[in-house]
Protein chains: 4
Amino acid sequence: MGDGSERRDQIIVIARRLIAARGYSATTVRDIADEAGILSGSLYHHFASKEAVLHEILHGFQHDTLSAFERIAASGGSARERLDQLIEHAFLTIEQRPDDVRIYQNETGFLMTQPGFEFLADGAERIEELWLEQITEGQAAGVFRDTIDPRLAFRFIRDAVWSTVFWFRPGGSHTAASVSENYLDLLHHGMLTVEG
Amino acid sequence: MGDGSERRDQIIVIARRLIAARGYSATTVRDIADEAGILSGSLYHHFASKEAVLHEILHGFQHDTLSAFERIAASGGSARERLDQLIEHAFLTIEQRPDDVRIYQNETGFLMTQPGFEFLADGAERIEELWLEQITEGQAAGVFRDTIDPRLAFRFIRDAVWSTVFWFRPGGSHTAASVSENYLDLLHHGMLTVEG
Amino acid sequence: MGDGSERRDQIIVIARRLIAARGYSATTVRDIADEAGILSGSLYHHFASKEAVLHEILHGFQHDTLSAFERIAASGGSARERLDQLIEHAFLTIEQRPDDVRIYQNETGFLMTQPGFEFLADGAERIEELWLEQITEGQAAGVFRDTIDPRLAFRFIRDAVWSTVFWFRPGGSHTAASVSENYLDLLHHGMLTVEG
Amino acid sequence: MGDGSERRDQIIVIARRLIAARGYSATTVRDIADEAGILSGSLYHHFASKEAVLHEILHGFQHDTLSAFERIAASGGSARERLDQLIEHAFLTIEQRPDDVRIYQNETGFLMTQPGFEFLADGAERIEELWLEQITEGQAAGVFRDTIDPRLAFRFIRDAVWSTVFWFRPGGSHTAASVSENYLDLLHHGMLTVEG
DNA sequence: CATGAATGAGGTTTCATTCAT
DNA sequence: AATGAATGAAACCTCATTCAT
């Protein structure tokens, strides 16, 4: 178990879609097996448990996201550029892997304390570190205003960005890029005009 | 059924706490009844179903929140002042009724399409109208920058604000008021300094 | 318990209608109480149990029916006239007390062996005696053909007659009297014409 | 689900016996599972619901009965012969499948209006057509007396015949054949002697 | 690899009944 | 004579999981 057979991959793909749409606890092993064209018991040849499927989805997603964030945080440029890139990458991820993001957003809160899912808390902490670095560095450099608590700023940004996954639908009046651009504009300059 | 007896209220209070903590589908009727000191079947003397408990919690919460928003939207002052008050009221609500907010945030997405819960979509739409009015009015008045799509702005704000319920813990280094203040500062002026 | 208060009578009337329509076990104490405008628990001021209501309905009905049959069996006239009268009385009862008949037909089979409902078997036996008397007497008198087992004849007649309660609807193309007349015609002369 | 495994068949056999004896609503899923030597939940591996078991029993029975009736109605001979054969087949069915007949007699009235059981009303109507054809044809041919409403005649016959299932016990003083013979004698010639 | 059958625990709900007030 | 709250048993059903074949 752990090697990537075709069936295995197929099951993950199906599970991802269903769990994203209905939630983990409302998605049954049988739902997944049905769509894969096998019996629910047969699913246990590929995964040790229902939780193991969720584990694999979340672990894979967090690994990829964290890697990308590490890469950006270690890249050249200014703190402001790096923060922008982190945000842009998040919007890109929402566009490319919306189901993963939805699952992450929905299930992570409850799971973080569950045995076997400690990696979620660790990853969340590491992500916070990486983003915070940019904010505090930018404040130190005088490019970000320092009247705002950087921890709060991080959370405001993180939540606004990732939550878009629940309402953004490609094919509407906005692309992921235009949503990203709008958000960065708002974040950079705020809502008020100079006169306001 | 529908009027408020003492037991009924007590059950609602318990259910609110448990559902906020574990999620609706992971909270069992027995969990609720156990904490109320009655048998699970006895709960059906007070409520027609498990769903009816959730309905009452969400309906009550949405009613109160919407009323407050309507009042603010209809009050005097500038669009900017009203938007600030909407946001401040949201933070206040998070402080005073965190369980209601958590349930609303967690369960509303799936429930909105379920029969009997249409009021959730209606309410969400009305809230969007009320907030949008302030944003577009502020943009028309030249007090809010108009390079940002007002719909996107609304959603960015809404999600950032309400999501704080998942991490804000009173008694830490921040009060609800200071979180609110920080958010308004960030929203008004953005992250960048004038030089940045 | 046992005296006839107004509420008591009202409950019996309601129960009769509901049990006839849905069956005893599918009719709940709450169904009955609801229609009576009281709470289900309050019903126990008037009756010791749900079964007691059924008992009263069936006992009363059987008493009345048996009395009438006894009276007819003891009346003057020929055996044939008395058998006709028994049958006519049954059709009359179906017209006047259809709910009682339906309940009797539906529930008696299972109940007959239940403690407290032994009177049903006793009454059924007595009724069989009374009807059989007429048949055997008629056969002895040479007015009824004696190639038919009188016990079988009784049951064929009884079942055909009482079963009409399940399909006869007054206000249609037949009255209870015309149904009765048709049945007696068929019973007396059979289906075949003299040539047939 | 729908094909016939051994366990499935075994469950049907058990359910048939229990439902015939106690009635559908008084027979529990556990009763059935207990006799099959499995847990009540395991029954749902074979059937979607308790109702589905009943559906299968009734549908199968109605199908077989209707087929036989159609065959007889389409066979050669006179209307009188065909009516006799219909009646004889009914008595044969009572002897061979008494549980099916009992269930059909007991549950059909209430079920006919329930979703999923519309076939019961359709079948009952088709059966009425088939039997009526013989009666009206016989009347037209002058072999059946035409003073009797054929619809009433059908119902009198149907009810008398099928109701025997509730009292006929093989091994007593009568066989199914002798009961059938007695009924046909009564139906053909009526009770009265020529002198009567 | 998959099936088919089963487990066992637990879920929501129903319902006749009791009883203090 | 009725209420309102509760009981306790049992109902139907779900679901993750196991395992012999």
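These figures come from a predicted structure and were not determined experimentally. So you know, we letter chains A, B, ... as the sequences are listed, proteins then strands, and number each from 1.
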Specify the closest pair of heavy atoms between [X] and [Y], including all atoms of both residues, with the distance to one decimal.
X     : Y     : result
C/T27 : C/I32 : CG2-CG1, 4.0 Å
D/A33 : D/L43 : N-CD1, 4.0 Å
A/I11 : A/A36 : CG1-CB, 4.4 Å
C/S40 : C/R30 : CB-CG, 3.8 Å

Next item on the list: With DNA chain F as reference, determine whether B/S42 or D/S42 sits nearer its 5' end, using the nearest nucleotide of each.
Entry: B/S42
Notebook entry, point to check: Can you tell me which stems DNA chain E forms when a stem means 3 or more consecutive Watson-Crick or G-U pairs under 3.5 Å?
Noted result: E:2-21 with F:2-21
What is the separation between atom [atom1] on [X] and atom [atom2] on [N], rounded to the nearest whole Å?
X     : N      : atom1 : atom2 : result
A/D34 : E/dG4  : CG    : C1'   : 15 Å
C/I38 : E/dA16 : CD1   : P     : 14 Å
B/I19 : E/dT12 : CD1   : P     : 10 Å
C/R8  : F/dA2  : CZ    : C1'   : 17 Å
B/L54 : E/dT12 : CG    : C1'   : 15 Å

Notebook entry, point to check: Who pairs with D/D100 by salt bridge (Lys or Arg N to Asp or Glu O under 4.0 Å), at least two apart in sequence or on another chain?
Noted result: D/R16, D/R97
Next item on the list: Give a yes/no answer on whether the side chain of B/H46 brings an N or O atom under 4.0 Å of OP1 or OP2 in F/dA6.
Entry: yes
Next item on the list: Tell me whether the OP1 or OP2 atom of E/dA5 has a side-chain N or O from D/H45 closer than 4.0 Å.
Entry: yes
Next item on the list: Enumerate the residue pairs fulfilling salt bridge (Lys or Arg N to Asp or Glu O under 4.0 Å) with a member in residues 41-55 of chain C, sequence neighbours excluded, ordered by first and then second residue.
Entry: none
Check: When we call it a touch if two heavy atoms are under 4.0 Å apart, what does D/L39 touch: a base, just sugar-phosphate, or nothing?
Finding: base
Interface polar pairs with nucleotides 10-13 of chain F, N/O, under 3.5 angstrom:
from   : atom 1 : to    : atom 2 : distance (Å)
F/dC12 : OP1    : D/V29 : N      : 3.4
F/dC12 : OP1    : D/K50 : NZ     : 3.0
F/dC12 : OP2    : D/V29 : N      : 3.0
F/dC13 : OP2    : D/Y44 : OH     : 2.4
F/dC13 : OP2    : D/K50 : N      : 2.9
F/dC13 : O5'    : D/Y44 : OH     : 3.2

Next item on the list: Go through E/dT3, E/dA6, F/dA2 for me and flag the one nearest to the C/R7 side chain.
Entry: F/dA2
Item checked: Partners meeting side chain to side chain donor-acceptor pair (under 3.5 Å) with C/T28 (sequence neighbours left out) -> C/D31
Enumerate donor-acceptor pairs with a distance under 3.5 Å from any side-chain N or O in residues 106-113 of chain C to protein atoms, sequence neighbours excluded.
from   : atom 1 : to     : atom 2 : distance (Å)
C/N106 : ND2    : C/R102 : O      : 3.2
C/E107 : OE2    : C/Y24  : N      : 2.8
C/T113 : OG1    : C/F110 : O      : 3.4

Notebook entry, point to check: Taking the six-membered ring for Trp, is the centroid-to-centroid distance between B/H63 and B/F119 below 6.0 Å?
Noted result: no
